[in-house]
Amino acid sequence: MRKKVDFLVIGSGIAGLSYALKVADYGKVIIVTKSKAEETATKYAQGGIAAVMYTPDTYEKHIRDTLIAGDDLCNEKIVRLTITQSTERVKELIKWGTNFDKKESGKYDLAKEGGHSEYRVLHHKDNTGFEIESTLLRQAKKHPNIEIFENHFTIDIITHHHLGIKIYRKTSNINCFGAYVLCPQTNTIITVLAKITLIATGGSGNLYSTTTNPSIATGDGIAMVYRAKGIIENMEFVQFHPTSLYNPNESPSFLITEALRGFGAVLKTIDGEDFMKKYDERGCLAPRDIVARAIDNEMKLRGDEYVFLDCRHLNNNELINHFPTIYAKCLSIGIDITKEMIPVVPAAHYTCGGIKVDEFARSSIENLYASGECASTGLHGANRLASNSLLESAVFSHRASQDSISKINSIDFCDEIPDWNAEGTVMNEEMILITQTTKELQSIMSNYVSIVRSNLRLKRALDRLRIIYRETEDLYNKSILTVEICELRNLINVSYLIIKMAMERKESRGLHFSLDYPKWL
Ligand code: FAD
Ligand code: SIN
């Protein structure tokens, strides 16, 4: 089956939807999304979106906080451009219908999170992402030019390679002509020809056994662009959120928002020691890399499986009113957070690197844009400042839309693209090979490529990865494609990028901490 569309958007989180809503006035849009449209990391965002709203906050302060968190690896031009557009993009979300909490005075109720020197995080209770996602989706479903293909899985973007032309990373001029999309219900692969394609596929937390990310986060977009010989960068910087609820066997791990620490909650060891000041004078509100490493270190020193987050001293009514989702979730497993401490552990949370893009979200491949967590804009450097990612998505999808609109009428479809060739493949009955290999991969990444790394651990990870790479490629080439085999292949590609880039970084910086290049422990 073939389809033709002006704009192909892969992903229905904040990055995909906000872009689609803007370009849809200039042409037809198809949004492809691999699960139900609302099932995105965006939906699970808790803390909120960082933006400069009122004095005493200023753009300069937010810029400085972002640069400090990024440990000297941010692109300052991109940081400035993003932060100075924060107010405008937030006002746009509000115009689309997003409700952020207000105080009695009528001003927005701004929260504070780790690494922020001011209160600047707009939120809707502790389920801000749900509010943003449902608002954007409601708007997208109303737009006559937007068609949403739910439960459709993008396998690969289409490039010159599919015309039989050999291409090389960095030296070839590569064009994107759309994507091959699997409809698992009918087992067909649709050739979607598009003038412009936006990848907005989110992160890759499912590389690790413990993650806050929903199951859709398997790094598909990054892997697709890598296979298409586009440029990927900064993959060694995997952010672990310091505080996910310790509740063994629950996947994904339930997040305990950093805003709770901004509200006064304190990290403690199991025997009650308030340990964070030992590691950083900012205590519990130090940037995430520092807090996650400190928790990891305390757990290892003491042989404990978790640390505690203590809210018992906070005003009960205010606590429940601000954090109703966390209160209800903890209560559901028998923890009353007004009376008991919350057991927490770090969990893989955010992919700082990704598809390298410029200030208009243009990737190294012509007519291919990337926005949101799958992209590497230069904003986060070696460590993302909390609540800067929803902002980054809104800003870069806006900029991508401006550039796309200015180009759309000068781009033609490439009708010579062949349909997907599935000749010689057979139905793979060995589902166990895929599930077991996925677990093996998650164990390799969790044991050797986690919060603390070393040259030896990385080498061990790469050696193990090579084996499962060969086995999986073999299976992939022979199989009729399923979502599971494609996701596993993508996870392996992304793991490879993380390990290789971690090996190339001969220092500890931001989220990449190596015992061979010590900074502190
Ligand atoms: P997502 O919202 O993850 O959307 C990805 C989309 O791509 C999905 O629709 C998915 O189905 C689709 N997709 C993926 N692969 C394919 C494929 N092969 N084919 C078709 N479709 C595909 N950030 C903040 O700034 N503030 C917060 O408070 C905050 N809290 C968070 C809390 C949690 C629990 C988590 C997990 C993250 C949080 N983050 C937060 C990070 C932030 O939510 C994400 O970085 C952001 O929402 C990413 O948006 P996105 O549009 O790039 O991707
Ligand atoms: C949180 O609410 O702690 C998550 C914020 C973020 O990841 O930006």
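As a basis for the values below, the full set of heavy atoms in this structure was taken, side chains included, without hydrogen atoms, waters or symmetry mates. Read the numbers this way: they start at 1 and go in the same order the structure lists the ligands and their atoms.
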Please report the closest heavy-atom contact between [X] and [Y], naming both atoms and the distance.
| X | Y | answer |
| --- | --- | --- |
| Met235 | Gly353 | SD-C, 3.7 Å |
| Ala382 | Asp71 | CB-CB, 4.1 Å |
| Leu207 | Leu491 | CD2-O, 3.2 Å |

Would [X] count as a contact of ligand 1 if the rule is a heavy atom under 4.0 Å away?
| X | answer |
| --- | --- |
| Arg384 | yes |
| Thr212 | yes |
| Ala200 | yes |
| Gly203 | no |
| His152 | yes |
| Lys43 | no |
| Met224 | yes |
| Ile216 | yes |

Considering both backbone and side-chain atoms of [X], is one of its nitrogen or oxygen atoms within less than 3.5 Å of a nitrogen or oxygen in ligand 1?
| X | answer |
| --- | --- |
| Gly47 | yes |
| Ala41 | yes |
| Thr42 | yes |
| Leu391 | no |
| Gly11 | no |
| Ser393 | no |
| Ser389 | yes |
| Gly48 | yes |
| Asp220 | yes |
| Tyr44 | no |

> Applying a 4.0 Å heavy-atom criterion (strictly less than), which segment of His123 is in contact with ligand 2: side chain, backbone, both, or neither?
Replying inline: neither

> When you look for heavy atoms under 4.0 Å from ligand 2, do you find them on the side chain of Leu255, its backbone, both, or neither?
Replying inline: side chain

Ignoring angles and geometry beyond distance, decide whether [X] reaches within less than 3.5 Å of ligand 2 through its nitrogen or oxygen atoms.
| X | value |
| --- | --- |
| Gly47 | yes |
| Glu113 | no |
| Gln46 | no |
| Glu258 | yes |
| Ser387 | yes |

>> Under 4.0 Å, heavy-atom basis, I'd like to know which part of Leu255 is in contact with ligand 1: side chain, backbone, both or neither.
In response: side chain

> Quick one: does ligand 1 sit under 4.0 Å from the side chain of Glu133, the backbone, both or neither, non-hydrogen atoms only?
Replying inline: neither

Name the closest protein heavy atom to [atom], giving the residue it belongs to and the distance to 0.1 Å.
| atom | answer |
| --- | --- |
| atom 21 (N) of ligand 1 | Lys34 N, 3.1 Å |
| atom 52 (O) of ligand 1 | Glu373 N, 2.9 Å |
| atom 19 (N) of ligand 1 | Thr154 N, 2.9 Å |
| atom 2 (O) of ligand 2 | Thr257 OG1, 2.6 Å |

Hey, can you tell me if [X] and [Y] have their rings parallel, tilted or perpendicular (30° and 60° cut-offs)?
| X | Y | result |
| --- | --- | --- |
| Tyr226 | Tyr496 | tilted |
| Tyr246 | Tyr306 | tilted |
| Tyr369 | Tyr19 | tilted |

> Could you state the interatomic distance from CG (Asn234) to OG (Ser376), rounded to the nearest 0.5 Å?
Replying inline: 4.5 Å

> When rounded to the nearest 0.5 angstrom, what is the spacing between NZ in Lys34 and CG in Asn151?
Replying inline: 11.5 Å

> Applying the ring pair (Phe, Tyr, Trp, His ring centres under 6.0 Å) test to His162, which of Phe177, Trp420, Tyr180 qualifies?
Replying inline: Tyr180

> Ring centroid separation for Phe263 and His322, is it under 6.0 angstrom?
Replying inline: yes

> Any idea which of Gln239, Arg261, Arg288 brings a heavy atom closest to atom 6 (C) of ligand 2?
Replying inline: Arg288

> When you measure from atom 30 (N) of ligand 1 to each heavy atom in Ser244, Pro214, Ala45, Gly219, which option holds the nearest one?
Replying inline: Ala45

> What atoms in ligand 2 come closer than 4.0 Å to a heavy atom of Arg384?
Replying inline: 6 (C), 7 (O), 8 (O)

>> Under 4.0 Å from a heavy atom of Ala386: which atoms of ligand 2 are those, numbered in the order shown and with their elements?
In response: 8 (O)

> Can Thr128 and His123 be counted as having a side-chain donor-acceptor contact under 3.5 angstrom?
Replying inline: no

> Any side-chain donor paired with an acceptor under 3.5 Å for Tyr59 and Gln85?
Replying inline: no

>> Take a 6.0 Å sphere around NZ of Lys43 and say whether it holds more than 12 heavy atoms from other residues, nucleotides or ligands.
In response: yes

> Which is it for Arg489 and Tyr476 under the side-chain hydrogen bond (donor to acceptor under 3.5 Å, both in side chains) test, yes or no, and what are the steps along the way?
Replying inline: CA-CA 8 Å; Arg489 189 171 180 241; Tyr476 176 89; 3.2 Å; yes

>> Could you tell me if the side chain of Pro242 sits less than 4.5 Å from the side chain of Arg288, heavy atoms only?
In response: yes

